[in-house]
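Have a look at the structure below, then the notes.
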Amino acid sequence: MKLLLLGPPGAGKGTQAKLLMDKLKIPQISTGDILREAIKKTTPLGKKAKEFMDRGALVPDNIMVDLINERLKNQDVKDGYILDGFPRTIQQAEELGNIANLEHVIQLKVPDKDLINRLSGRRTCEKCGEAFHVELNRPKRDGVCDKCNGKLMQRADDNVDVIKKRLEAYHLQTDPLVGYYQKRKKVIEIDGTGNPKEIFRSILRSINQQADS
Ligand code: AP5
């Protein structure tokens, strides 16, 4: 199964991707995670991407398309995958359409006011990438990941000024993808507010219904 999770920064794409990955036994492909790893290793890709990510702007399409083309050559995607963060522009969607046929596009809908709170309070495990929140989803021990005991960090782009820029970029450049995939009858709208496990169950139900219809 080839799935895309579409939604603004903080909509819960990463949270839901991890639940879906465990359930469906297919990998999550998070372009944000790939870029952050490249930044950590100070590779040429990382150095280039950092310039854009630090100010909440999208990394140029040609860089992202090359990155995803490479990633989709790996053996682990042969039974499908969950795309988290790609495509983010019409051009990226067109390029992806040349190499893959998505079955479901899950649109996670969350109001902007909730997103700012979710992102500014997010803490991410530096080892396994699990996301927590200082109020909404507290780890059992402050600063420590429940899953792997890794250290919890705040992402460099999770400060209010950059979050606002990321939301602007989303509305301007990524929102049009909803219409793009609606025309192709792929979109499943999901209310992304409320309990993450409930949201997960609602995604699974909708996927099954769309597959049966
Ligand atoms: P990326 O890493 O993709 O970030 P993003 O899209 O901004 O999304 P986030 O990871 O911030 O949020 P999420 O939706 O995964 O939410 P999460 O589940 O963590 O991209 C970062 C940057 O990389 C971009 O700005 C861009 O520069 C670049 N980039 C990446 N891909 C690109 C591309 N294709 N083209 C160009 N540039 C690209 O949840 C957030 C918080 O909310 C957590 O604390 C979580 O615990 C909490 N939470 C989750 N669900 C709920 C819930 N139901 N209720 C309450 N709280 C919840």
Side-chain angles (χ1 to χ4, degrees), residues 3-22 26-74 76-77 81-89 92 95-96 108 110 115-134 136-137 139 143-170 173-174 177 196:
L3 276 181
L4 163 63
L5 290 171
L6 188 60
K13 303 181 295 296
T15 304
Q16 295 302 324
K18 290 199 167 49
L19 295 169
L20 287 163
M21 191 168 69
D22 286 348
I26 49 177
Q28 168 196 19
I29 300 180
S30 159
T31 43
D33 285 350
I34 297 172
L35 294 172
R36 279 183 289 279
E37 192 57 31
I39 291 176
K40 213 157 113 189
K41 293 183 176 153
T42 56
T43 65
L45 168 68
K47 283 185 199 155
K48 188 83 204 149
K50 191 172 178 332
E51 288 172 33
F52 297 91
M53 291 169 79
D54 278 353
R55 53 186 165 90
L58 294 188
V59 175
D61 286 338
N62 60 330
I63 297 180
M64 297 312 299
V65 168
D66 287 351
L67 184 155
I68 211 77
N69 273 328
E70 277 310 304
R71 180 62 185 87
L72 292 184
K73 286 180 188 159
N74 283 10
D76 66 333
V77 303
Y81 44 81
I82 303 156
L83 288 174
D84 162 7
F86 186 97
R88 258 175 149 102
T89 63
Q92 291 180 17
E95 298 273 1
L96 178 67
L108 288 173
V110 180
L115 298 172
I116 295 180
N117 178 34
R118 281 189 188 188
L119 291 173
S120 52
R122 170 168 58 185
R123 298 294 179 272
T124 310
C125 175
E126 64 175 8
K127 227 161 114 189
C128 74
E130 188 73 10
F132 296 86
H133 190 278
V134 291
L136 304 169
N137 177 20
V144 182
C145 175
D146 291 354
K147 278 207 165 165
C148 72
N149 287 328
K151 193 170 158 199
L152 301 184
M153 309 289 287
Q154 184 164 25
R155 252 170 60 174
D157 58 351
D158 276 350
N159 67 74
V160 175
D161 289 343
V162 180
I163 292 169
K164 286 185 180 158
K165 297 279 182 221
R166 287 159 63 198
L167 288 173
E168 268 173 43
Y170 178 83
Q173 292 168 279
T174 311
L177 287 184

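Along the sequence shown, residues are numbered consecutively beginning with 1.
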Notebook entry, point to check: Taking all atoms of both residues into account, what is the closest heavy-atom pair of Thr15 and Pro196, and its distance?
Noted result: CG2-CB, 4.2 Å

Tell me which donor-acceptor pairs under 3.5 Å the side chains of residues 60-67 have, and how far apart each pair is, sequence neighbours excluded?
| unit_1 | atom_1 | unit_2 | atom_2 | d |
| --- | --- | --- | --- | --- |
| Asp61 | OD1 | Thr89 | OG1 | 3.0 |
| Asp61 | OD1 | Gln92 | NE2 | 2.9 |
| Asp61 | OD2 | Thr89 | OG1 | 3.3 |

Notebook entry, point to check: How long is the span from the NZ atom in Lys40 to the CG atom in Asp33, to the nearest 0.5 Å?
Noted result: 10.0 Å

Check: Are Arg71 and Asp76 ion-paired here, with the side-chain N under 4.0 Å from a carboxylate O?
Finding: yes

Notebook entry, point to check: In chain order, what residues pass the side-chain contact (heavy atoms from CB on, under 4.5 Å) check against Arg118, with sequence neighbours excluded?
Noted result: Val110, Leu136

Notebook entry, point to check: Taking atom OH of Tyr81 and atom CG of Asn74, what is their separation to the nearest 0.5 Å?
Noted result: 12.0 Å

Next item on the list: Show your reasoning for whether side chain to side chain contact (heavy atoms under 4.5 Å, CB included) applies to Leu20 and Leu5.
Entry: CA-CA 10 Å; Leu20 287 163; Leu5 290 171; 4.1 Å; yes

Notebook entry, point to check: Are Lys164 and Glu168 within salt-bridge range, i.e. N to O under 4.0 Å?
Noted result: no

Next item on the list: Please test Met153 against Arg123 for side chain to side chain contact (heavy atoms under 4.5 Å, CB included), starting from the C-alpha separation and ending with a verdict.
Entry: CA-CA 5 Å; Met153 309 289 287; Arg123 298 294 179 272; over 6 Å; no

Next item on the list: Output yes when Asp158 and Arg166 qualify as a salt bridge under the 4.0 Å nitrogen-oxygen rule, no when they do not.
Entry: yes

Note to self: Between Leu115 and Ile163, does the side chain to side chain contact (heavy atoms under 4.5 Å, CB included) criterion hold? Intermediate values first, please.
What the structure shows: CA-CA 9 Å; Leu115 298 172; Ile163 292 169; 5.9 Å; no

Item checked: Matching residue for Met53 among Ile39, Leu58, Val162 - test: side-chain contact (heavy atoms from CB on, under 4.5 Å) -> Ile39

Next item on the list: For residues Asp146 and Pro139, determine if any side-chain heavy atom of one lies less than 4.5 Å from a side-chain heavy atom of the other.
Entry: yes

Item checked: Exam field: side chain Thr31 to backbone Gly85, donor-acceptor pair closer than 3.5 Å -> yes

Notebook entry, point to check: How far apart are the closest heavy atoms of Cys128 and Cys145, and which atoms are they?
Noted result: SG-SG, 3.7 Å

Next item on the list: Kindly indicate whether the side chain of Gln28, heavy atoms from C-beta on, has any atom under 4.5 Å from the side chain of Lys18.
Entry: yes

Next item on the list: Taking the side chain as every heavy atom from C-beta outward, state whether Thr174 and Leu6 have any pair of such atoms under 4.5 Å apart.
Entry: yes

Item checked: Taking every non-hydrogen atom, the tightest pair across Leu167 and Pro9 -> CD2-CD, 3.9 Å

Checklist line | Met21 side chain reached by Ile82 side chain, heavy atoms, under 4.5 Å | finding: yes

Notebook entry, point to check: Taking the side chain from Lys13 and the backbone from Gly7, do they hold a donor-acceptor pair closer than 3.5 Å?
Noted result: yes

Next item on the list: To the nearest 0.5 Å, tell me how far Asp161 CG sits from Ser120 OG.
Entry: 11.5 Å

Notebook entry, point to check: Are the side chains of Ile68 and Ile34 in touch, meaning some heavy atoms are under 4.5 Å apart?
Noted result: no

Check: What heavy-atom pair brings Leu108 and Ala11 nearest, and what distance separates the two atoms?
Finding: CD1-O, 3.8 Å

Notebook entry, point to check: Going from CZ on Arg122 to CG on Asn137, what distance comes out if it is rounded to the nearest 0.5 angstrom?
Noted result: 11.5 Å

Note to self: Set out, in order, the CA-CA distance, both residues' side-chain angles and the distance that settles side chain to side chain contact (heavy atoms under 4.5 Å, CB included) for Asn117 and His133, then state yes or no.
What the structure shows: CA-CA 9 Å; Asn117 178 34; His133 190 278; 4.1 Å; yes

Next item on the list: Report yes if some heavy atom in the side chain of Arg55 is under 4.5 Å from a heavy atom in the side chain of Lys165; otherwise report no.
Entry: no

Checklist line | Atom pair CG/CD1 of Leu4 and Ile29 - distance to nearest 0.5 Å | finding: 11.0 Å

Check: If you measure from CG on Asp157 to CG on Leu119, what distance do you get to the nearest 0.5 Å?
Finding: 8.0 Å

